[in-house]
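One structure is given here, and the rest of the page talks about it.
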Amino acid sequence: MTARVRYAPSPTGIPHVGNIRTALFDWLFARHSGGSFIVRVEDTDQARFDPNALEAIYASLRWLGLDWDEGPEVGGDYGPYVQSERLEHYAKFAKQLIDQDDAYECFCSTERLAELRAEQQKQKQPPRYDRHCRELPDDERAARGAAGDKPVVRFKTPDEGTISFDDAVRGHVEFETATIDDFVALKSDGFPTAHLAHVVDDHLMEISHVLRGEEWVSSTPRQILLYEALGWTPPTFVHMSVILGPDRAKLSKRHGAVSVLDYRDQGYLPEAMFNFLGLIGWSLDDHTVLMSREQFIEHFSLERMGKNPAVFDLERLTWMNGAYLRELPEERLTALFTERLERDLPADAERPIDRDVVRRLVPLVRERVKKLDELAEMTAGFFSDELPYGPDELLGKKFRDDRAGATAALTAAHGSVEALAGWDHAAIEVAMRALADDLDVKAGALFMLLRVAMTGRAVSPPLFESMELLGRERCILRLANARDTIK
RNA sequence: GGCGCAUUCGUCUAGUGGCCCAGGACACCGCCCUCUCAAGGCGGAGAUCGCGGGUUCGAAUCCCGCAUGCGCUACCA
């Protein structure tokens with residue numbers, strides 16, 4: 001079976017991770033079946049349209065490598081793929097519904113509708129349209145139209161019967177049509193509602209599977225009504241659960257970063273985000289956690305989709321990102337790091353960033369970094385000679401009450417570094433350990449003093465590798481500076 | 001108010017009648033390794049499977065009720 005699957009974003013805001021996760025599953029299902037992944041822009045809400053949203057949507061998909069076979073920018077045989085360019089289709093089928101007496105024009109004002117709703121709420125009645133215009137005489141309808149009133153088109157929902165469908169993850173779902181009111185299919189501005197637009201486009205574009213968020217479950221019977229009235233066969237529906245914030249409320253801006261682009265900017269890798277999102281609401285087995293995109297494509301299946309809402313666990317994502325960072329080829333890491341440092345390092349760092357230094361830095365920091373935005377802070381000492389420490393940081397606990405000892409140690413280290421025959425980390429380590437012996441100081445204490453002197457921080461990449469990379473001249477300079485700060 | 005969906009360690013999840021007094025991963029704790037921090041190795045703690053009834057020799061798994069959460073109930077999607 002080759003599926004035709006669509007991702008139908010609505011450009012009303014920056015898409016958050018939950019939304020992009022449905023795109024990921026759409027894509028995975030399409031790729032697994034060898035079918036097509038289609039992007040269709042649902043810009044039918046003119047009031048909420050946000051031009052920036054579209055770019056963010058495309059950027060999010062591209063960043064994760066979710067390429068589409070049909071849609072905006074790539075075209076396809078079923079276009080256009082932007083709903084605002086397909087208005088004539090919706091108008092045509094809306095008219096057909098009216099002609100076959102499955103729909104009618106309604107002239108009720110939004111004010112009347114609002115009052116009606118308020119009244120029903122007060123009476124503890126389910127809010128629903130009272131069908132005021134359903135039996136409007138033809139001449140009155142014509143008169144309203146002639147007077148310039150713009151009607152909406154409402155569907156004539158049957159009073160009796162049940163609508164059911166078999167959801168690929170939820171199973172059999174059933175609704176009484178009596179609980180569904182005469183919903184709007186075409187708005188007065190000529191744009192369709194999502195119900196009509198979904199049905200018309202999914203049919204015309206020959207979509208085989210509709211994978212979407214579970215907030216659509218309740219709308220599905222309305223859409224099935226439309227399919228039946230139009231004489232079409234509905235696709236297979238697959239409703240996937242939503243993603244929640246840590247407080248179990250639906251994920252929103254309140255929870256911090258919610259767009260995948262935010263995570264990209266913080267230094268998460270697309271492959272980590274892909275893996276992480278792919279394992280929310282889907283699993284391979286009882287133990288696999290790290291999976292490549294090829295494995296996802298090979299094994300993805302609707303049967304293994306879960307149905308419960310899931311909390312977005314940032315710590316898990318961060319761990320996973322670290323795992324990917326550790327596995328990345330050195331070349332790619334070097335490129336990634338260089339780009340990042342170019343951007344994040346303070347102005348006093350030497351520019352352009354020395355790619356060769358970065359290359360040698362990679363093995364020292366790759367397993368210490370979980371997100372790329374930690375990199376600049378961690379490696380600043382290799383690109384700038386202004387180290388952020390004072391006497392207190394330099395002396396630390398061990399030399400707090402022994403300035404003379406610290407000064408002696410730094411002086412001795414200075415001499416030892418100058419006298420060293422070679423310059424590699426193994427030789428440096430041998431020399432420094434010997435020095436600790438001579439000074440009758442614990443190696444750990446000496447090393448911490450040197451660490452701060454060399455890198456400016458109590459937490460750093462391995463000391464001797466760092467010194468090797470810094471070079472003898474700079475090390476000598478830094479030892480002298482350290483001595484000066486505690487003079 | 002009505003309708004619908006969901007409910008396994010703090011979190012993501014495995015589990016489709018006996019292999020489960022429930023497995024993996026993140027986070028947490030301890031030990032080992034170690035020049036700091038990580039990474040890695042080993043181990044630990046953590047779930048009366050939302051609650052209550054059934055069915056069955058046997059239930060996390062099947063049935064019924066309840067509770068809770070979420071969604072829809074818009075000329076939003």
Side-chain angles (χ1 to χ4, degrees), chain A residues 8-12 19 42-45 47-48 106 108-110 113-114 117 120-129 150-154 167 170 173-176 178-181 183-189 191-195 197-198 212-222 239 241-242 244 246 248-250 276 279-290 304 306-320 322-323 326 365-370 378 396 429 432-433 436 442-448 450-452 455 457-464:
Chain A
S10 143
T12 52
N19 187 288
E42 308 220 326
D43 57 344
T44 56
D45 186 344
R48 295 202 305 155
C106 166
C108 290
S109 66
T110 49
L113 261 18
R117 234 186 328 268
Q120 289 168 148
Q121 301 266 32
K122 216 166 75 186
Q123 308 276 110
K124 301 267 189 202
Q125 297 291 312
R128 59 209 311 267
Y129 180 59
K150 295 280 184 227
V152 300
V153 176
R154 284 186 185 272
D167 190 289
R170 268 150 237 281
V173 183
E174 212 168 78
F175 294 81
E176 301 283 333
T179 63
I180 304 167
D181 68 352
F183 60 89
V184 174
L186 198 70
K187 304 185 234 179
S188 57
D189 62 2
F191 280 70
T193 60
H195 305 304
H198 271 181
R212 61 184 9 170
E214 74 170 325
E215 67 269 22
W216 289 97
V217 172
S218 304
S219 307
T220 307
R222 275 179 279 230
H239 289 102
S241 55
V242 294
L244 274 20
R248 295 219 144 253
K250 203 174 161 187
F276 173 73
L279 252 22
I280 293 182
W282 186 86
S283 63
L284 208 216
D285 52 34
D286 63 349
H287 64 277
T288 305
V289 176
L290 261 15
R304 294 202 59 83
K307 29 190 167 192
N308 23 352
V311 172
F312 186 87
D313 184 357
L314 185 61
E315 288 193 291
R316 185 177 168 89
L317 204 214
T318 303
W319 164 78
M320 206 171 264
R326 269 169 255 135
V365 298
R366 69 180 314 165
E367 54 201 32
R368 272 166 254 266
V369 179
K370 285 192 169 139
M378 190 176 291
E429 178 165 3
M432 292 304 116
R433 284 191 188 280
K442 280 200 172 163
L446 205 223
F447 295 170
M448 186 50 81
L450 294 176
R451 182 186 311 286
V452 177
T455 68
R457 280 153 252 260
V459 172
S460 80
L463 215 211
F464 309 112

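Each chain gets a letter, A, B and so on, in the order the sequences are listed, and its residues count up from 1. In this text the structure is predicted, and so the values were computed from the model without any measurement.
When the C1' atom is compared between B/G15 and B/U8, the two are found 9 Å apart, to the nearest whole Å. When the C1' atom is compared between B/C26 and B/A39, the two are found 16 Å apart, to the nearest whole Å. With C1' as the reference atom, B/A67 and B/C28 are 31 Å apart, rounded to whole Å. B/C37 and B/C49 have their C1' atoms separated by 40 Å, given to the nearest Å. Taking atom P in both B/C5 and B/C64, the straight-line distance is 12 Å, to the nearest Å. For the P atoms, the distance linking B/G65 with B/A6 amounts to 15 Å, nearest Å. Taking atom P on both nucleotides, B/U61 is separated from B/U55 by 15 Å, rounded to a whole Å. Remark: the separation of the P atoms in B/C20 and B/A59 is 16 Å, to the nearest Å.
Residue A/N308 places none of its side-chain N or O atoms closer than 4.0 Å to OP1 or OP2 of B/C12. The phosphate of B/C76 (OP1 or OP2) has no side-chain N or O of A/T193 nearer than 4.0 angstrom. Phosphate proximity of B/A74 to A/R48: absent, as no side-chain N or O sits under 4.0 Å from OP1 or OP2. Regarding contacts with the backbone of B/C75, a side-chain N or O of A/R154 is found under 4.0 angstrom from either OP1 or OP2. Residue A/K307 places none of its side-chain N or O atoms closer than 4.0 Å to OP1 or OP2 of B/U8.
Every residue two or more places apart in sequence or in another chain was checked for a salt bridge (charged side-chain N to carboxylate O under 4.0 Å, His left out) with A/K124, and none qualifies. Among residues two or more places apart in sequence or in another chain, the salt bridge (charged side-chain N to carboxylate O under 4.0 Å, His left out) test is passed with A/R457 by A/E377. Contacts of A/R326 classified as salt bridge (charged side-chain N to carboxylate O under 4.0 Å, His left out), with partners at least two apart in sequence or in another chain: none. For A/W216, the ring-ring contact (aromatic ring centres under 6.0 Å, His included) test picks out A/H198, with sequence neighbours left out.
Contact annotation for A/P461: base contact, defined as any heavy-atom pair under 4.0 Å involving a base atom. Nucleic acid contact for A/G322: none, since no nucleic acid atom lies under 4.0 Å from a heavy atom of the residue. Using a 4.0 Å heavy-atom criterion, one finds that A/E176 contacts no nucleic acid atom at all. Base engagement by A/C108 is indicated by at least one non-hydrogen atom pair under 4.0 Å involving a base atom. A/S10 comes within 4.0 angstrom of the backbone, heavy atoms only, and of no base. Residue A/K124 is in sugar-phosphate contact alone, with no base atom involved, counting any heavy-atom pair closer than 4.0 Å across all strands shown.
Under the Watson-Crick or G-U wobble criterion, with both distances below 3.5 Å, B/C62 is paired with B/G54. When both pairing distances are held under 3.5 Å, B/U68 makes a Watson-Crick or G-U pair with B/A6. The base-pairing partner of B/U16, taking Watson-Crick or G-U wobble contacts with both distances under 3.5 Å, does not exist among the strands shown. Both distances falling under 3.5 Å, in either a Watson-Crick or a G-U wobble arrangement, place B/A25 opposite B/U11. B/G40 and B/C32 make up a base pair, with Watson-Crick or G-U wobble contacts both under 3.5 Å. If you check B/G46 for Watson-Crick or wobble pairing at under 3.5 angstrom, you find it has no partner at all.
Residue-to-nucleotide contacts include no donor-acceptor pair under 3.5 Å from the side chain of A/R170 to the base of B/C5.
Here B/G2 presents its C1' atom at 11 Å from CD of A/Q121, a figure rounded to the nearest Å. A straight line from CD of A/E367 to P of B/U34 spans 15 Å, rounded to a whole angstrom. Going from atom CG of A/L279 over to atom P of B/C12 covers 13 Å, rounded to whole Å. For the pair A/L463 CG and B/U34 P, the interatomic distance rounds to 17 Å; values are reported in whole Å. Taking atom CG of residue A/L446 and atom P of nucleotide B/U36, one finds them 13 Å apart after rounding to whole Å. Residue A/R366 contributes atom CZ, which lies 13 Å from atom P of B/G40 at whole-angstrom precision. At whole-Å resolution of the value, CZ in A/F183 and C1' in B/C3 are 16 Å apart. Taking atom CD of residue A/Q123 and atom C1' of nucleotide B/G2, one finds them 15 Å apart after rounding to whole Å.
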Nucleotides 20-29 of chain B: protein proximity per nucleotide (B base, S sugar-phosphate only, - neither; heavy atom, under 4.0 Å): ---BSBSS--
Where protein sits on nucleotides 62-73 of chain B, one letter per nucleotide: B base, S sugar-phosphate only, - none, heavy atoms under 4.0 Å: ---------BSS
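Annotation: the span from A/Y129 atom OH to A/R117 atom CZ amounts to 11.5 Å, rounded to 0.5 Å. Atom-to-atom distance recorded for A/R316:CZ and A/T318:OG1 is 12.0 Å, nearest 0.5 angstrom. In this structure, the separation between CD on A/E42 and CZ on A/F191 is 13.0 Å, given to the nearest 0.5 Å. A/R128 contributes atom CZ, which lies 8.5 Å from atom CD of A/Q120 (distance to the nearest 0.5 angstrom).
When the nucleotides B/U11, B/A74, B/C35 are ranked by their closest atom to the side chain of A/V311, B/U11 comes out on top. Counting only heavy atoms from C-beta on, A/A310 has its side chain closest to B/U13 among B/A77, B/U13, B/C37. Which of B/C5, B/A6, B/C75 sits closest to the side chain of A/V173 comes down to B/C5. Of the candidates B/C35, B/U13, B/C37, the closest approach to any side-chain atom of A/S283 belongs to B/U13.
Shown here is A/K187, whose NZ atom has more than 12 heavy atoms of other residues, nucleotides or ligands within 6.0 Å.
Using a 4.5 Å heavy-atom cutoff, the side chains of A/F276 and A/L279 are not in contact. Considering only heavy atoms from C-beta on, A/R368 comes within 4.5 Å of A/P462 through its side chain. Taking the side chain as every heavy atom from C-beta outward, A/M320 and A/L290 approach each other to under 4.5 Å. Side-chain contact between A/D45 and A/S10 is absent, with no heavy atoms from C-beta onward closer than 4.5 Å.
Mapped onto RNA chain B by nearest heavy atom, A/M448 and A/P151 fall at different nucleotides, with A/M448 at the one closer to the 5' end. Mapping A/R326 and A/D45 onto RNA chain B by nearest heavy atom places A/R326 closer to the 5' end of the strand.
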